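Everything numeric here is computed off the predicted structure, so don't read it as measured data.
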Amino acid sequence: MKPGPLPGVDMTDDPSDHPDAVGLPARGPLPAAEVDPDEPLAVVAAGPAGAARREVLAALLGVPAGMLVTPAGSHLLVRHARVATRAAYVPGYRQPHSYGADQAAAGPALARAPRRVELSLPEQLLRHFAVLDTPDTDTLGVAGGRVLLDAVVRSGALLFVIGADQTFTAADLHLLTEVARTRVRVFFVVTPGAGGWAAVEPAASDDTGVALPSPPDGPPAGDPVDPVVVTVAAHRATLLAAVPGLAEADWYPVHRAEHPALRRALVGWSAIEGLRRASSRPPVPPGAHGRVPVAPDAPGDDWADGLERQSRLRARGIRQQLALELANIHLRTVQEIVFGAGCAGLPQLLDRELEALSLLATEQQDRAVREILDGATVRIFGAPLAEGVRQRIGAAVRWGLADHPSGQELDRVLLVTGTAGVATLPGAGALDALLGHPGAPRTEVLPRIGVALSGGCWQHWRSPGNDDPNAARSWAQRALREVELELSREVSRRFEAFRLALDAVLTDALDHGILLA
């Protein structure tokens, strides 16, 4: 198996001049991804603990590894800026907490772990893409895997770092299987293990009894082999046995302080992906300007009743799905209390579960709103609308939300308190603090749905004096019940506000014969 070309690298010279890339087959077409082209490019770094992922990123960015340290469970988003800054975004606050960007700077005293820490650096590589470092994959659980997958798909690239003495876990393979179904570009980095690059004999077998292949273009059996090449080949063979869809992924053994081939490959990917995203959407979508007349045979008076029925039906369906997901969250929470980290691990697990629940609720809300809007406008205008017209109607609906009592203060966060209740914190800044990876500015009609644990709740269960599993189980059951009730009211309120605002926009169009937005 001969190494293939690196993106952005002139391969007219001998491929052996670029020894950091191992086994790079020719690329074929990738499946299309349903990603907003306005999403900023980012490389998401993931992998198990002990794989020196932070050191790999520090070498890429040219900074000390200590600058990339974050509280356990937090995301680290590294962006380009002329002045180095660092800030922590904590649920329960509308403004980020700033602290020094140098390695010796101590972080702020926080009541709970931030969802993300943003580090801005004057590093040229960050002009091409941002870097998002995520918690260790062996600590994520089911909910954390969903949050990570969402960030990876929106960013466009995954940098998976694994040690030479480590193996892919079931959770890693599940994540990579999901990634293989998207257009995401995957880069694997293999780092030396605790004992360095252990020599591996060709045709050895792993713990599962699967024979490992000889290294690519390696010497015949019995001759000395390069342990680095053999280790990477063994990891690749193990991965492809479970996830054959990643046969086109790039592999890089990192055994020096710098790895220019990986850097060149990431820059090459960003150039191609940035051009693809920029060309996938026109600067001015069709229908963004001009008159849009209603259908000659305007619908009868029953169209508003149909809109109301559809809104209530979709809201009820979302409430039912969220109730089922909350039941699963309760089960996983009890398992963590009884068989996992106990009461001390409850806050981080439950907060991550609520983060994944927020993503699910928001995605279902946005999909239902788009379908309701499309169905109603087809009846009014007689045909599916161009993207520009849909955007004009969506903007008009957003303006109309504030005119109705049920649409006021939709930008708010639901915070689980230490007494198993749910408090609300309004403000767009409060919602932004909940995002592990903020991505592009939001253009959907309704704001995000956000749920998180308050700092007081976090401190309560981290206290050594509150280590009663029975009390923790009872508290979790009551808290999740309150979340279910509050989410149910929130979903109903949002869809009622959306229905009234859309009704007003479409009624004006019918009264005047054209779209006024």
Side-chain angles (χ1 to χ4, degrees), residues 36 285 287 292 294 299 301-323 325 357-381 384-414 424-428 430-432 434 440-451 483-512 515-517:
D36 186 347
V292 183
V294 300
D301 297 335
D302 63 336
W303 74 268
D305 295 334
L307 175 61
E308 182 177 5
R309 287 193 301 271
Q310 281 295 314
S311 298
R312 291 181 177 177
L313 179 65
R314 294 306 181 94
R316 183 170 68 246
I318 293 176
R319 292 195 302 267
Q320 292 173 347
Q321 293 187 19
L322 295 181
E325 184 59 27
L357 180 71
S358 302
L359 292 176
L360 174 65
T362 302
E363 188 272 334
Q364 291 183 340
Q365 164 197 271
D366 295 344
R367 180 189 302 162
V369 165
R370 288 192 295 266
E371 292 176 353
I372 292 172
L373 190 149
D374 289 343
T377 54
V378 165
R379 295 197 62 185
I380 300 300
F381 298 97
L385 299 179
E387 179 61 25
V389 180
R390 293 180 71 258
Q391 292 181 7
R392 291 162 60 184
I393 295 177
V397 172
R398 282 194 296 272
W399 279 103
L401 288 174
D403 295 336
H404 304 281
S406 57
Q408 297 176 0
E409 291 188 353
L410 290 180
D411 290 297
R412 63 176 188 166
V413 172
L414 306 180
T424 60
L425 180 66
L431 274 173
D432 180 66
L434 266 61
R442 186 166 174 80
T443 58
E444 299 290 345
V445 174
L446 294 176
R448 291 183 175 91
I449 297 176
V451 193
V483 169
E484 180 182 349
L485 293 175
E486 191 61 35
L487 271 180
S488 179
R489 288 190 287 264
E490 183 72 9
V491 169
S492 298
R493 189 168 70 98
R494 284 166 174 257
F495 274 83
E496 178 64 10
F498 164 71
R499 180 189 69 81
L500 293 173
L502 180 60
D503 183 286
V505 172
L506 297 182
T507 298
D508 285 345
L510 286 172
D511 292 343
H512 294 83
L515 177 64
L516 299 180

Novice: Does the pair Glu308/Arg312 count as a salt bridge with the N-to-O cut at 4.0 Å?
Specialist: yes
Novice: Using the side-chain contact (heavy atoms from CB on, under 4.5 Å) definition, which of the options Asp302, Leu506, Val294 pairs with Arg379?
Specialist: Asp302
Novice: Which residues pass the side-chain hydrogen bond (donor to acceptor under 3.5 Å, both in side chains) test with Arg316, not counting sequence neighbours?
Specialist: none
Novice: Please list, chain by chain and in numerical order, all residues satisfying salt bridge (charged side-chain N to carboxylate O under 4.0 Å, His left out) with Glu484, sequence neighbours excluded.
Specialist: Arg481
Novice: Ion pair present between Glu486 and Arg412, side-chain N to carboxylate O less than 4.0 angstrom?
Specialist: yes
Novice: Determine, step by step, whether Leu414 and Leu487 satisfy the side chain to side chain contact (heavy atoms under 4.5 Å, CB included) criterion, reporting the C-alpha distance in whole Å, the side-chain angles of both residues, the deciding distance to 0.1 Å, and the verdict.
Specialist: CA-CA 8 Å; Leu414 306 180; Leu487 271 180; 3.9 Å; yes
Novice: How close do Leu502 and Ala376 get, counting heavy atoms only, and between which atoms?
Specialist: CD2-CB, 4.2 Å
Novice: Step by step, work out the salt bridge (charged side-chain N to carboxylate O under 4.0 Å, His left out) result for Arg390 and Glu387.
Specialist: CA-CA 5 Å; Arg390 293 180 71 258; Glu387 179 61 25; 3.4 Å; yes
Novice: Does this structure show an ion pair linking Asp411 with Arg442, if we count only N-O contacts that are shorter than 4.0 Å?
Specialist: no
Novice: In sequence, state the C-alpha distance, the side-chain angles, and the governing distance for Arg309 and Leu313, and then conclude on side chain to side chain contact (heavy atoms under 4.5 Å, CB included).
Specialist: CA-CA 6 Å; Arg309 287 193 301 271; Leu313 179 65; over 6 Å; no
Novice: Are the charged groups of Glu490 and Arg493 less than 4.0 angstrom apart, N to O?
Specialist: yes
Novice: Will you find, in the side chains of Ser358 and Arg448, an N or O donor that is under 3.5 Å from an N or O acceptor?
Specialist: no
Novice: Could you walk me through whether Leu401 and Leu410 pass side chain to side chain contact (heavy atoms under 4.5 Å, CB included), step by step?
Specialist: CA-CA 9 Å; Leu401 288 174; Leu410 290 180; 4.1 Å; yes
Novice: So which atom in Phe498 and which in Val397 form the shortest heavy-atom distance, rounded to 0.1 Å?
Specialist: CD1-CG1, 3.9 Å
Novice: Over all heavy atoms of both residues, which pair between Glu325 and Leu360 is shortest? Give the atoms and the distance, please.
Specialist: CG-CD2, 3.9 Å
Novice: Could you walk me through whether Leu510 and Trp303 pass side chain to side chain contact (heavy atoms under 4.5 Å, CB included), step by step?
Specialist: CA-CA 11 Å; Leu510 286 172; Trp303 74 268; 3.4 Å; yes
